[in-house]
Protein chains: 2
Amino acid sequence: MPKLAAPTPAQIKKAKAILACAPPPQTEDIDPRLEPLVNDLIGRVADKWTVIVMEVLTENGEMRFTRLAEKVTGISQKMLTKTVRVMERDGLLVRTVHPVVPPHVDYKLTPLGLSLSAAFCGVWIWAAENIEQVEKSRRVFDKNAAK
Amino acid sequence: MPKLAAPTPAQIKKAKAILACAPPPQTEDIDPRLEPLVNDLIGRVADKWTVIVMEVLTENGEMRFTRLAEKVTGISQKMLTKTVRVMERDGLLVRTVHPVVPPHVDYKLTPLGLSLSAAFCGVWIWAAENIEQVEKSRRVFDKNAAK
DNA sequence: CGGGATCCCACTGGATACTG
DNA sequence: CAGTATCCAGTGGGATCCCG
C-alpha cells in the first residue's frame with residue numbers, strides 16, 4: 001500500500017483516457033454551462049475521507065463497517081458513517097444491510113466508484129513518488145518562517 | 001473548462017506513469033512504513049480548494065491574488081489565503097511579492113504542482129464524463145429517502 | 001454485539017471591516 | 001491590492017446511548 005488499484009478493465013480504459021488527455025497540444029473545451037457543475041463535483045469528490053475510503057474498498061473489496069473503520073486510519077465513526085452515506089447517494093458504493101443479529105452491513109464500490117478510484121490512480125502514484133520532496137519543502141518553509 | 005491541464009512534458013511523463021499502473025495484472029507494494037505518510041499526503045492534497053486552485057493556475061499560468069479569487073468560484077478570501085499558504089509550504093506553488101505601492105503578488109505552480117495537476121487529470125475527466133450519472137444517483141437516492 | 005444516532009465541545013470556514 | 005482581524009454559524013471529533 002498504497003497498493004495501486006487492482007487493474008480492472010474499467011481502470012485500464014480510464015488510464016488510457018488519462019493518457020489520451022496529455023499528449024495532444026490542445027484540449028477540447030466542454031460546454032461552459034457545465035463548468036460550475038463539474039467544479040462542484042470535483043469539490044465533492046476531492047474529499048480526504050472519500051478518497052481514502054475508496055482506496056481501502058478498492059484494495060479489499062466488500063467490507064463491513066468496523067473493518068472499514070480499522071483501515072481508514074484516523075477517521076471517527078461519525079465521519080465514516082457520513083462519508084459512506086454521501087458516497088452511497090452519489091452512486092459510488094452500495095450498502096447492503098443483512099438483517100441478522102448482530103447487525104451486518106457490507107460496503108462495496110459500484111462500477112462508478114471503481115472508475116473514480118481508477119481515476120485517482122495517478123494521484124496515488126504522485127503521492128508515493130513525491131512525498132520526500134513535499135516534506136523537504138515543508139522543512140525549508142518552516143525554517144524560513146521561524147526566523 | 002474544465003480545460004484539461006495544458007500538456008507539459010511533465011504531464012505527459014505523469015500520464016504515462018498513470019497508464020503504466022493499470023495494465024499489469026499485479027502492482028508492486030511500497031514500503032509499508034510509508035503507507036500512513038502517503039495516506040496523509042493524499043488527505044492533504046485531496047482538498048476541494050487545493051484541487052480547484054491547481055486547476056485554475058494550470059489553465060492560466062501566473063496569476064495575482066484577486067484574479068485567482070475571481071476564478072476560484074465560491075471561495076472566501078480567507079480560505080484562498082490559507083489554501084495558497086499551505087500549497088506554498090508543500091512546494092506546490094511559488095508566491096512572488098513585488099514591493100510596489102499597490103501590492104502585487106503573483107502565484108504560480110512549481111514543477112511539483114504541475115505534476116500533481118497532471119496527476120489529477122484523470123479525475124477531471126471522470127467528473128466531466130460521469131456528472132450525469134452522479135446526479136441521477138442522487139435523485140434516486142433522495143426519492144427513496146423521501147418515502 | 002455491531003451500526004449508527006445524539007449530545008457536547010473545539011475548531012474551521014464564511015462575511016465583513018480594517019490596514020500597510 | 002493583498003492580506004489580517006474579528007465575529008459568528010456550521011462542521012467534525014469523542015463519548016455515550018440505543019436498537020436490532
Side-chain angles (χ1 to χ4, degrees), chain A residues 36 39-40 42-54 56-57 60 62-90 92-109 141 144-145, chain B residues 36 39-40 42-54 56-57 60-90 92-109 141 144-146:
Chain A
N39 253 15
D40 281 354
I42 287 281
R44 158 69 266 285
V45 133
D47 166 73
K48 172 177 178 167
W49 295 129
T50 298
V51 173
I52 296 181
V53 166
M54 264 196 326
V56 169
L57 282 178
N60 300 19
E62 197 168 44
M63 293 177 81
R64 299 183 58 172
F65 186 86
T66 307
R67 291 271 184 286
L68 205 48
E70 288 165 7
K71 285 285 193 175
V72 183
T73 324
I75 199 172
S76 67
Q77 109 293 34
K78 181 177 167 184
M79 261 323 277
L80 182 55
T81 299
K82 184 184 173 186
T83 301
V84 293
R85 276 289 143 71
V86 178
M87 289 176 72
E88 186 190 9
R89 188 173 105 100
D90 288 350
L92 300 178
L93 58 75
V94 286
R95 192 168 145 275
T96 312
V97 182
H98 299 98
V100 294
V101 182
H104 185 130
V105 182
D106 283 317
Y107 296 90
K108 183 179 157 190
L109 291 181
F141 185 92
N144 289 349
Chain B
N39 254 14
D40 281 355
I42 287 281
R44 157 69 266 285
V45 133
D47 166 72
K48 172 178 176 165
W49 296 128
T50 299
V51 173
I52 296 180
V53 166
M54 264 197 323
V56 169
L57 282 177
N60 299 20
E62 197 168 44
M63 292 178 82
R64 299 182 61 171
F65 186 85
T66 306
R67 288 289 303 263
L68 204 47
E70 288 165 5
K71 284 287 192 175
V72 184
T73 324
I75 198 171
S76 67
Q77 101 293 39
K78 182 177 168 184
M79 261 323 279
L80 182 55
T81 299
K82 184 185 173 186
T83 301
V84 292
R85 275 291 142 71
V86 178
M87 289 177 73
E88 185 190 9
R89 187 173 106 98
D90 287 350
L92 300 179
L93 58 74
V94 285
R95 189 167 147 276
T96 311
V97 182
H98 298 99
V100 293
V101 172
H104 185 130
V105 182
D106 283 317
Y107 295 90
K108 184 180 156 189
L109 290 182
F141 185 93
N144 289 349

Grab the N/O contacts between the protein and nucleotides 18-20 of chain D below 3.5 Å, and write none if there aren't any.
none

Determine the minimum heavy-atom distance between B:Leu109 and B:Met54, stating which atoms define it.
CD1-O, 3.8 Å
Quick test of your reading: applying side-chain hydrogen bond (donor to acceptor under 3.5 Å, both in side chains), list the pairs with at least one residue in residues 66-84 of chain B, sequence neighbours left out, ordered by first then second residue.
none
Assign A:Arg95 to base, sugar-phosphate, or nothing according to its heavy-atom contacts below 4.0 angstrom with the strands shown.
sugar-phosphate
Can you list the residues that meet the salt bridge (Lys or Arg N to Asp or Glu O under 4.0 Å) rule with B:Arg85, with sequence neighbours excluded?
none
Taken to the nearest whole Å, NE2/B:His98 to P/D:dG3 is 13 Å
Nt span of DNA chain C in reach of chain B heavy atoms at under 4.0 Å, 5' end first, is C:dG13 to C:dG20
Could you give the angle between the helix axes at the two ends of the helix from C:dC1-D:dG20 to C:dG20-D:dC1, with five pairs per end, rounded to 10 degrees?
40°
With the threshold set at under 4.0 Å for non-hydrogen atoms, list the residues of residues 71-79 of chain B touching DNA chain C in residue-number order.
B:Ser76, B:Gln77, B:Lys78, B:Met79
Between D:dG3 atom P and B:His104 atom NE2, what is the distance in whole Å?
11 Å
Less than 4.5 Å apart, side chain to side chain, heavy atoms only: is that true for A:Ile52 and A:Ile75?
no
CG (B:Asp40) and NZ (A:Lys48) are apart, to the nearest 0.5 Å, by 6.5 Å
Working for side chain to side chain contact (heavy atoms under 4.5 Å, CB included), residues B:Leu80 and B:Val53:
CA-CA 9 Å; B:Leu80 182 55; B:Val53 166; 4.0 Å; yes
Considering just the side-chain nitrogens and oxygens of B:Arg85, establish if one lies under 4.0 Å of OP1 or OP2 belonging to D:dT4.
yes
Less than 3.5 Å apart, which donor and acceptor atoms pair up between the side chains of residues 92-105 of chain B and the rest of the protein, not counting sequence neighbours?
unit_1: B:Arg95; atom_1: NE; unit_2: B:Tyr107; atom_2: OH; d: 3.4
unit_1: B:His98; atom_1: ND1; unit_2: B:His104; atom_2: O; d: 3.4
unit_1: B:His104; atom_1: ND1; unit_2: B:Arg64; atom_2: NH1; d: 3.4
unit_1: B:His104; atom_1: NE2; unit_2: B:Asp106; atom_2: OD1; d: 3.4
unit_1: B:His104; atom_1: NE2; unit_2: B:Asp106; atom_2: OD2; d: 3.3

